[in-house]
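Everything below concerns the one structure shown next.
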Amino acid sequence: QTRIGGNKFVQLARNRRDRRGAGGGQEEQGAMSRQAEGRARFAALILRPEEEIDLAEAALLIAGEEYPDLDVAAYLSLLAHMGAEARRRVGGSRPAASALETLNHYLFEELGFAGDTENYYDPRNSYLNDVLDRRTGIPISLSTVYMTVARHSGLPIRGVGFPGHFLVKFAGEGEEIVLDPFNRGAILTEADCQRLLDQATAGRARFSRELLGATVTKAILARMLGNLKGIYAATRQYAKALACVERILLLIPDAGPEIRDRGLLLAQMQRTEEAVLVLTRYLKQSPAPEDSAQVKEQLRTLRMRQALLN
């Protein structure tokens, strides 16, 4: 079978937590309605030109799938407040290394953000509201905080979709500095990057500067969702994994592996007719995928299931 891939900050964060609702009965129906509204807002947001897509807002709308009562505006206000505090501290710091050191001190020393090395695959590490509340996360979510606060503070920080470990980089004033928000904003050398690459590829790849290219916002969001999809599929939370896939397809409509995974997840959820349609579309779109034999076998099984039901 084919596998499926004590300060103002604290008070603001507490206020955000208090605004999350509980489910049950009519409240559950209301939550579903708010989830649908959040998906519509996400779809509208990602239709904007690249420079107009707010990464933090989109990440919070993803979190709204898990937290239907999430106050997106309040968390954006919190991030803006953090950015204003960072700007006040950074001031006119020059050179860039000095400004980055100041930003790192604010985020990792004063506010206490840190990588979660003990419960790395906890889905809360991928939800931006939880990352802000708990002040811990994985590389891509901590990088989202870093980029957003840096943007508000006037520092040109871009995301870097490095294999296996998301990074950020300062790109301005004729210099480029690569940093790792998961490791307290450490500045990385090429040798450090090679070590990270070795961990991701078991030593099978060599580092090149091309791996440090800036990543567009839609690709960052797709990677966030891919992380969550993997977590939920591995724990057999198929409806949640499916929600991730469907958002990825909003970002990348013709993504073959995501179309396939949508079909496989629908099959796991006993939505047989839909699964057959989706997997058939996958094979037509990609006539000779590597997993063609496995997908065809899955289709045969699903059609037998359909026949037994008729």
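The basis for the numbers below is simple: all heavy atoms, side chains too, and nothing from hydrogens, waters or symmetry mates.
For the pair L128 and Y75, the minimum side-chain heavy-atom distance is 4.5 Å or more. When side chains are defined from C-beta on, I177 counts as touching E175, because their heavy atoms get closer than 4.5 Å. Inter-residue side-chain proximity for L70 and L61 is flagged as unmet; no heavy-atom pair is nearer than 4.5 Å. Considering only heavy atoms from C-beta on, N129 stays 4.5 Å or farther from E66 through its side chain. Counting only heavy atoms from C-beta outward, the side chains of L308 and M304 never approach each other to under 4.5 Å. Within the 4.5 Å cutoff, no side-chain heavy atoms of L277 are placed close to those of E274. Contact annotation: the side chain of L266 never approaches that of Y238 to less than 4.5 Å [non-hydrogen atoms, C-beta and beyond]. Taking the side chain as every heavy atom from C-beta outward, R260 and L264 approach each other to under 4.5 Å.
Cation-pi geometry between R223 and F166 is not satisfied (NZ or CZ under 6.0 Å from the ring centre, within 45° of the ring normal).
Taking CZ of R209 as the reference point, atom SG of C193 lies at 7.0 Å (rounded to 0.5 Å).
For E246, the salt bridge (Lys or Arg N to Asp or Glu O under 4.0 Å) partners two or more places apart in sequence, or in a different chain, are R262. For T117, the side chain to side chain donor-acceptor pair (under 3.5 Å) test picks out no residue, with sequence neighbours left out. T136 meets the side-chain contact (heavy atoms from CB on, under 4.5 Å) test with D116, N125, R134; sequence neighbours excluded. Taking S33 as the reference, nothing meets the side chain to side chain donor-acceptor pair (under 3.5 Å) condition, with sequence neighbours excluded. By the side chain to side chain donor-acceptor pair (under 3.5 Å) test, E57 pairs with no residue at all, sequence neighbours left out. Remark: E109 engages H105, R184 in a side-chain contact (heavy atoms from CB on, under 4.5 Å) (not counting sequence neighbours). Annotation: side-chain contact (heavy atoms from CB on, under 4.5 Å) contacts of E273 (sequence neighbours excluded): Q306. For the side-chain contact (heavy atoms from CB on, under 4.5 Å) test, residues two or more places apart in sequence or in another chain that qualify with A191 are T189, R195. Not counting sequence neighbours, the partners of R88 by the side chain to side chain donor-acceptor pair (under 3.5 Å) test are E85. In terms of the ring-ring contact (aromatic ring centres under 6.0 Å, His included) criterion, residue partners of H165 (sequence neighbours excluded) are, by chain and number, F182.
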Which is it for I248 and L221 under the side chain to side chain contact (heavy atoms under 4.5 Å, CB included) test, yes or no, and what are the steps along the way?
CA-CA 8 Å; I248 295 173; L221 295 169; over 6 Å; no
D291 vs Y282, test: side chain to side chain contact (heavy atoms under 4.5 Å, CB included). Steps then yes/no.
CA-CA 11 Å; D291 56 1; Y282 170 67; 2.8 Å; yes
List the steps, then state whether side chain to side chain contact (heavy atoms under 4.5 Å, CB included) holds for L179 with K169.
CA-CA 6 Å; L179 306 105; K169 67 178 179 180; 5.6 Å; no
Would T217 and M147 count as a side chain to side chain contact (heavy atoms under 4.5 Å, CB included) if you check the C-alpha gap in whole Å, the side-chain angles of each, and the deciding distance to 0.1 Å?
CA-CA 11 Å; T217 305; M147 285 185 281; over 6 Å; no
List the steps and the verdict of side-chain hydrogen bond (donor to acceptor under 3.5 Å, both in side chains) for N183 and D180.
CA-CA 5 Å; N183 289 300; D180 182 4; 2.5 Å; yes
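K218 places a side-chain N or O within donor-acceptor distance of the main-chain N or O of I46, the cut-off being under 3.5 Å. Put simply, the side chain of S153 gets close to the backbone of A150: a donor and an acceptor are under 3.5 Å apart. At least one donor-acceptor pair under 3.5 Å links the side chain of T148 to the backbone N or O of T144. N104 places a side-chain N or O within donor-acceptor distance of the main-chain N or O of G185, the cut-off being under 3.5 Å. Using modelled atom types, one side-chain atom of Q35 and one backbone atom of E65 make a donor-acceptor pair closer than 3.5 Å. R87 places a side-chain N or O within donor-acceptor distance of the main-chain N or O of H152, the cut-off being under 3.5 Å. For the pair Q194 (side chain) and A205 (backbone), a donor-acceptor distance under 3.5 Å is present. T280 contributes a side-chain N or O that, together with a main-chain N or O of V276, makes up a donor-acceptor pair within less than 3.5 Å. At distances below 3.5 Å, at least one donor-acceptor pair connects side-chain atoms of D71 with backbone N or O atoms of A74. Without hydrogens or angle criteria, E50 side chain to V216 main chain gives no donor-acceptor distance under 3.5 Å.
A donor atom on one side chain and an acceptor atom on the other are found under 3.5 Å apart for R305 and T272.
Residues P181 and F108 approach most closely at O-CE2, 3.4 Å, considering heavy atoms. Of all heavy-atom pairs between P163 and A200, the closest is O-CB, 3.5 Å. The shortest non-hydrogen separation linking S126 to N227 is OG-CB, 4.4 Å. Contact detail for A86 and L103: the closest heavy-atom pair is CB-CD1, 3.9 Å. The nearest pair of heavy atoms linking A267 to L302 is CB-CD2, 3.7 Å. Across all non-hydrogen atoms, the minimal contact from L79 to L132 is CD2-CD2, 3.8 Å.
Using cut-offs of 30° and 60° on the angle between ring planes, the pair Y127 and Y232 is tilted.
Clustering of Ile, Leu, Val, Met, Phe, Trp and Tyr side chains at separations under 4.5 Å places F207 together with V160, F162, L167, V178, L188, L196, L197, L211, L212.
The local environment of CE in M269 is crowded, with over 12 non-hydrogen atoms from other residues, nucleotides or ligands closer than 6.0 Å. A 6.0 Å sphere centred on CD of E118 holds no more than 12 heavy atoms belonging to other residues, nucleotides or ligands. Remark: E101 CD is loosely packed, at most 12 non-hydrogen atoms of other residues, nucleotides or ligands lying under 6.0 Å away. When the shell of 6.0 Å around OH of Y121 is examined, it contains 12 or fewer heavy atoms from other residues, nucleotides or ligands.
Among pairs with a residue in residues 139-164, those fulfilling salt bridge (Lys or Arg N to Asp or Glu O under 4.0 Å) read D54-R151, at least two apart in sequence or across chains.
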